[in-house]
Amino acid sequence: MKAQQERKMRKEEDESLIFYLKKEVEAALLRTDSLEKENRELRQEVVRLKAQITSLKAHDNERKSMLWKKLQNPFDSSKTDVFQQKQSDFVKVSERSVEHSSPRPSLQELAARKEKQAKVPNPPPRPTYAAPPSLKEANDNKLPPPPPPPPNMSSGSKAVRRVPEVVEFYRLLTRRDAHMENRASSAAVPAVAFTPSMIGEIENRSSYLSAIKSDVEKQKEFINFLIKEVESSAFNDISDVKAFVKWLDDELSSLVDERAVLKHFPQWPERKADALREAAFNYRDLINLESEVSSFQDNPKDPLILALGRMQALQDRLERSIDNMERTRESMIKRYRDFQIPWEWLLDTGLIGQMKLSSFRLAKVYLKRTTKELQLNECPGEDNLLLQGARFAYRVHQFAGGFDAETIRAFQELKKIGMDSLKE
């Protein structure tokens with residue numbers, strides 16, 4: 001009887017321990033889920049910040065290059081004393097005219113303008129339609145909607161649809177030939193290097209430091225005007241953002257060093273200015289790339305390997321650019337909305353979708369060139385060329401979410417040749 005009671009007590013203790021351990025496991029799983037979610041959010045933020053750093057570094061290098069050119073001009077020894085008395089006018093630029101443009105004056109000419117007053121800013125370009133949303137709308141729309149699924153776009157004759165034959169044909173050839181072609185990666189152009197010693201040399205020049213101090217003291221009204229313009233800016237069209245950023249950069253270029261001067265103005269809206277520049281530069285780069293792809297022309301006189309390599313490299317750039325945008329799109333849209341910067345061009349129904357459709361141009365040219373070479377029977381590695389054509393068609397099909405009618409016809413011609421060769 002006593003043994004039964006002990007067994008019962010041990011059983012109850014075991015059950016109590018099991019229940020406790022289950023609770024601990026459930027709590028640990030909840031913590032794990034929470035940490036994983038936080039980790040994903042942090043990774044997205046890291047990707048966004050890296051992209052922003054890259055954009056700002058490029059902009060910073062341009063500024064440093066301009067600064068280096070300003071300070072590289074040797075001083076005329078006969079005017080050294082004059083310059084030291086007139087350092088406050090070190091970085092003023094000649095007044096710009098809409099109809100006339102004159103070369104940037106030398107340091108000696110700038111030093112001779114002692115009586116000239118502080119810079120008068122040019123008015124900013126006016127948006128095509130500047131009706132910013134109301135405060136209520138801005139608050140209601142803080143979070144962007146989830147990006148729409150890849151579009152089944154049907155704009156007139158540009159109807160895009162999935163073509164399962166592309167995937168099937170590509171898989172048929174890859175099963176037959178296990179050797180896959182390595183994607184060519186274009187070498188990155190090295191950025192201009194500015195060594196710490198060079199920067200240190202520039203910053204240690206007393207004339208440079210005096211010019212910064214002069215800008216801070218004499219250009220207050222000018223900078224306060226820019227601050228108000230940036231803070232109050234609101235846009236409905238991304239092209240207006242491009243024009244505004246160009247105007248802002250032109251105005252700030254009159255300062256000897258934008259960052260060094262603006263850090264003395266804590267009210268400068270740095271986050272909004274950076275967001276405006278990021279949006280303008282990203283849009284400009286995408287538009288330029290889309291134009292390059294859409295206007296691509298194949299030269300029949302070029303060797304086959306060179307021609308196909310150019311098209312593959314261009315498709316690589318297109319895919320990389322879109323992939324980078326899509327990975328940071330959600331956080332970018334939120335920031336742009338907060339600062340009243342147009343963001344619709346980031347959606348698949350905007351410029352991003354338009355760029356995906358532009359890859360049809362490359363696919364058609366690639367497939368037609370490959371088909372022509374196979375028809376001439378002058379290519380020593382026909383099987384490899386056929387596989388390359390099928391692979392490129394597959395890439396574009398998956399990237400754009402389908403083919404349009406013209407690209408389908410170009411693919412069907414290649415497939416016919418391929419199926420005939422497989423029967424032999």
Side-chain angles (χ1 to χ4, degrees), residues 47-48 50-51 54-55 58 147-153 155 158-163 166-167 170 180-189 238 242 278-299 302 304-330 332-333 343-370 388-408 410-411 414:
V47 170
R48 183 191 69 77
K50 282 183 177 179
T54 302
S55 174
N152 269 335
M153 300 182 190
S155 54
K158 270 274 187 186
V160 179
R161 64 182 180 86
R162 288 277 179 182
V163 186
V166 176
V167 181
Y170 171 64
M180 302 293 291
E181 177 188 67
N182 291 327
R183 286 176 59 178
S185 60
S186 56
V189 178
I238 187 63
K242 278 181 60 183
E278 180 191 67
F281 295 157
N282 284 339
Y283 181 77
R284 178 199 63 190
D285 292 344
L286 290 182
I287 281 289
N288 291 343
L289 180 56
E290 194 272 338
S291 176
E292 185 179 352
V293 172
S294 299
S295 61
F296 180 82
Q297 294 287 342
D298 180 34
N299 186 354
D302 286 343
L304 176 66
I305 295 176
L306 177 62
L308 298 186
R310 286 175 57 207
M311 288 181 258
Q312 288 172 353
L314 201 49
Q315 180 67 18
D316 284 344
R317 286 172 54 200
L318 191 60
E319 290 182 14
R320 256 197 320 270
S321 298
I322 298 301
D323 182 60
N324 289 338
M325 284 293 170
E326 289 182 333
R327 280 189 288 118
T328 60
R329 176 163 57 185
E330 188 174 344
M332 287 170 67
I333 288 176
W343 50 267
E344 293 82 0
W345 57 277
L346 288 165
L347 302 177
D348 283 340
T349 52
L351 178 59
I352 297 297
Q354 181 181 331
M355 293 188 68
K356 290 182 178 181
L357 296 184
S358 70
S359 63
F360 293 159
R361 171 76 181 173
L362 293 178
K364 285 180 285 190
V365 175
Y366 197 105
L367 292 173
K368 288 178 180 178
R369 181 68 184 263
T370 305
Q388 285 187 51
R391 181 183 298 116
F392 195 81
Y394 175 78
R395 279 183 64 185
V396 175
H397 180 272
Q398 299 303 100
F399 174 67
F403 279 166
D404 63 0
E406 292 182 28
T407 314
I408 291 174
F411 168 74
L414 177 70

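The shown structure was predicted, so the numbers you read here are calculated from the model rather than taken from an experiment. In what follows, every heavy atom counts, from backbone to side chain, and hydrogens, waters and symmetry copies are set aside.
Here the side chain of Asn282 pairs a donor or acceptor atom with the backbone of Glu278 at under 3.5 angstrom. The backbone N or O of Asn324 sits less than 3.5 Å from a side-chain atom of Thr328, completing a donor-acceptor pair. Using a distance-only test at 3.5 Å, with no hydrogens or angles considered, a donor-acceptor pair links the side chain of Ser321 to the main chain of Arg317.
Residues Leu414 and Ala390 approach most closely at CD2-N, 3.9 Å, considering heavy atoms. Nearest heavy atom pair, residue Leu346 against residue Met325, reads CD2-SD, 4.0 Å. The two residues Leu318 and Ser359 make their nearest non-hydrogen contact at CD2-CB, 3.7 Å. Nearest heavy atoms, Glu290 versus Ser358: OE2-CB, 4.0 Å. Between Lys356 and Ala400 the shortest heavy-atom distance is O-CB, 3.6 Å. Between Leu367 and Ala393, the closest heavy-atom pair is CD2-CB, 4.0 Å.
From Ile287, atom CD1 reaches atom CG of Leu351 across 4.5 Å, with rounding to the nearest 0.5 Å. Taken to the nearest 0.5 Å, the CD atom of Glu319 stands 10.5 Å off from the CD atom of Glu326. A distance of 10.5 Å separates CZ in Phe360 from CD in Glu406, rounded to the nearest 0.5 Å. Separating the CZ atom in Arg284 from the CZ atom in Phe281 is a distance of 5.5 Å, to the nearest 0.5 Å. Rounded to the nearest 0.5 Å, atoms CE (Met355) and CG (Leu286) are 4.5 Å apart. To the nearest 0.5 angstrom, Arg329 atom CZ is 11.0 Å from Asp323 atom CG.
The side-chain heavy atoms of Gln315 and Arg320, taken from C-beta on, include no pair separated by under 4.5 Å. Between Arg395 and Asp316 the shortest side-chain heavy-atom distance falls below 4.5 Å.
Heavy-atom contacts from other residues, nucleotides or ligands closer than 6.0 Å to CG of Leu306 number more than 12.
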Report the C-alpha separation of Gln297 and Arg361 in whole Å, then their side-chain angles, then the decisive distance to 0.1 Å, and conclude whether the side chain to side chain contact (heavy atoms under 4.5 Å, CB included) test is met. CA-CA 9 Å; Gln297 294 287 342; Arg361 171 76 181 173; 3.1 Å; yes
Please report the C-alpha distance between Leu289 and Leu314 in whole Å, then the side-chain angles of each, then the deciding distance to 0.1 Å, and finally whether the side chain to side chain contact (heavy atoms under 4.5 Å, CB included) criterion is met. CA-CA 9 Å; Leu289 180 56; Leu314 201 49; 4.2 Å; yes
Report the C-alpha separation of Ile322 and Phe399 in whole Å, then their side-chain angles, then the decisive distance to 0.1 Å, and conclude whether the side chain to side chain contact (heavy atoms under 4.5 Å, CB included) test is met. CA-CA 10 Å; Ile322 298 301; Phe399 174 67; 3.8 Å; yes
Before giving the answer on side chain to side chain contact (heavy atoms under 4.5 Å, CB included), spell out for Leu362 and Val396 the whole-Å C-alpha distance, their side-chain angles and the decisive distance to 0.1 Å. CA-CA 9 Å; Leu362 293 178; Val396 175; 5.6 Å; no
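Ser291 and Asn288 share no donor-acceptor pair across their side chains, judged by distance under 3.5 Å alone.
Using cut-offs of 30° and 60° on the angle between ring planes, the pair Tyr366 and Phe392 is parallel.
Ion pairing between Asp302 and Arg310 holds under the 4.0 Å rule for side-chain N and carboxylate O.
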